[in-house]
Amino acid sequence: METVALVLVLSSAFLHASWNALLKRHPNPEVGVVSVITVAVVCGALWTLGMRGEAFPTVRGLTWALGAGACESIYLASLSRALKQAPLGLAYTVSRGGAMLLVWPVSVLWLGEAVSVWMVSGAVLLGVGLVVMNLSPPKGPAATGVAWAALAAVCIAGYHLSYKLALGEGAQPPALFATGLLVALPVLVLERVRKLGWSTLKREAVVRPGLVVFTGIVCTLSFALLLSALGSSGAGVVLTLRNTSIAFALGLAALQGERLERRQLAGAALVAVGAVLLGVPG
């Protein structure tokens with residue numbers, strides 16, 4: 001991976017962990033995510049103003065963009081529920097590490113990315129880390145939160161692969177980002193209205209406006225840097241290195257006063273090391 005791409009991915013990782021941590025601070029993350037993604041849609045629209053050339057040169061590219069949006073809608077709904085019910089460090093590690101276990105074999109078998117001893121070692125460490133973190137399954141709301149984080153992992157894998165395939169068809173990053181969120185936002189709103197009611201959604205959507213706007217901007221920057229890196233590097237490697245955000249998330253969780261058990265911290269460390277090893281070139 002080139003140095004520029006490496007810097008882009010690591011910056012994206014930090015920003016991604018940051019916007020998740022900021023969302024965790026919202027009084028109701030299940031509503032806050034709607035407000036945050038609305039801000040991100042506006043930012044994405046502004047980003048497209050600087051776009052040159054055709055947004056989607058092929059129908060395939062547009063199809064993959066729509067698929068990414070579908071995955072993102074489920075991801076955002078499950079992420080907000082995971083953050084509401086489980087500690088940030090636990091939910092984040094399960095969702096990001098689980099996604100890596102799904103994307104890596106698909107990238108190798110379907111997209112033709114190279115395999116190395118480092119990558120295999122990283123995959124083993126990552127898998128062991130996830131098992132160690134959940135040797136004693138959490139109980140109560142935290143257990144439900146981890147289940148939502150596992151669903152988020154599947155969706156993260158889906159939208160990363162969809163983004164990569166869309167970019168391979170010549171789709172432009174600003175259009176890809178905006179299209180994905182434009183598909184995800186209405187689905188997210190309808191799901192929240194069905195669960196919470198329109199009046200509750202309207203009332204809580206405007207809570208903490210400063211936090212919401214800032215989080216939306218950080219979210220946009222995170223995805224913008226990710227798409228820029230995906231355009232020049234393999235999906236497996238990019239997602240792997242972006243999962244160094246697990247370490248950032250654990251640090252931010254500690255700053256917010258969360259404390260994981262030693263076993264969970266050891267498992268998270270294995271996940272982070274495994275993710276880095278997966279990105280080492282053969």
Side-chain angles (χ1 to χ4, degrees), residues 1 5-6 8-17 19-20 37 40 44 60-79 82 91-114 119 122-123 126 130 149-181 183-184 219-246 248-249 271-272 274-276 278-279:
M1 177 178 283
L6 179 62
L8 288 175
V9 176
L10 293 178
S11 299
S12 174
F14 174 73
L15 292 172
H16 191 277
W19 89 259
N20 276 243
I37 297 306
R60 269 187 171 185
L62 177 59
T63 301
W64 284 118
L66 296 174
C71 290
E72 283 198 63
S73 63
I74 304 173
Y75 155 67
L76 292 167
S78 55
L79 170 70
Y92 198 92
T93 302
V94 170
S95 63
R96 306 306 303 185
M100 188 63 257
L101 283 181
L102 294 171
V103 167
W104 181 68
V106 173
S107 296
V108 171
L109 298 175
W110 186 18
L111 302 181
E113 293 185 23
M119 293 176 73
L126 199 152
L130 288 174
L151 176 59
V154 177
C155 298
I156 290 169
Y159 77 68
H160 271 84
L161 291 169
S162 296
Y163 276 153
K164 177 62 180 177
L165 291 165
L167 290 169
E169 293 290 334
Q172 295 205 38
L176 184 53
F177 175 74
T179 300
L181 289 189
V183 171
C219 173
T220 302
L221 290 173
S222 169
F223 277 96
L225 295 176
L226 168 69
L227 291 173
S228 298
L230 272 174
S232 60
S233 302
V237 174
V238 168
L239 180 56
T240 295
L241 286 175
R242 198 176 190 238
N243 278 351
T244 54
S245 59
I246 293 169
F248 293 129
V271 170
V276 172
L278 272 167

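Scope of the values below: all heavy atoms of this structure, side chains included, with no hydrogens, waters or symmetry mates.
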Which pairs of donor and acceptor atoms, one on a side chain in residues 166-180, lie under 3.5 Å apart (sequence neighbours left out)?
residue	atom	partner	partner atom	Å
Glu169	OE1	Thr58	OG1	3.1
Gln172	NE2	Arg52	O	2.3
Gln172	NE2	Gly53	O	3.4
Gln172	NE2	Glu54	O	3.2
Thr179	OG1	Ala175	O	2.7

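- The two residues Ala184 and Gly69 come nearest to each other via the heavy atoms CB-O, 3.6 Å.
- The side-chain hydrogen bond (donor to acceptor under 3.5 Å, both in side chains) analysis of residues 63-77, with sequence neighbours excluded, yields the pairs His16-Tyr75, Glu72-Tyr163.
- Here Tyr92 contributes atom OH and Leu79 contributes atom CG; the two are 9.0 Å apart, rounded to the nearest 0.5 Å.
- Formation of a donor-acceptor pair under 3.5 Å by the Ser95 side chain with backbone atoms of Ala91 is found in this model.
- Applying the side chain to side chain donor-acceptor pair (under 3.5 Å) criterion to Ser78, with sequence neighbours excluded, gives no partner residue.
- Once rounded to the nearest 0.5 Å, the distance linking CG of Leu181 with CZ of Phe223 reads 7.0 Å.
- Contact between Val183 and Ala70 at its shortest, heavy atoms only, is CG1-N, 3.8 Å.
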### Message
What verdict does the side-chain contact (heavy atoms from CB on, under 4.5 Å) test give for Val9 and Leu225, after you've listed the backbone C-alpha separation in whole Å, the side-chain angles of each residue and the deciding distance to 0.1 Å?
### Response
CA-CA 7 Å; Val9 176; Leu225 295 176; over 6 Å; no

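- For Ser222, the side chain to side chain donor-acceptor pair (under 3.5 Å) test picks out Arg242, with sequence neighbours left out.
- For the atom pair Leu161 CG and Leu102 CG, the distance stands at 9.0 Å (nearest 0.5 Å).
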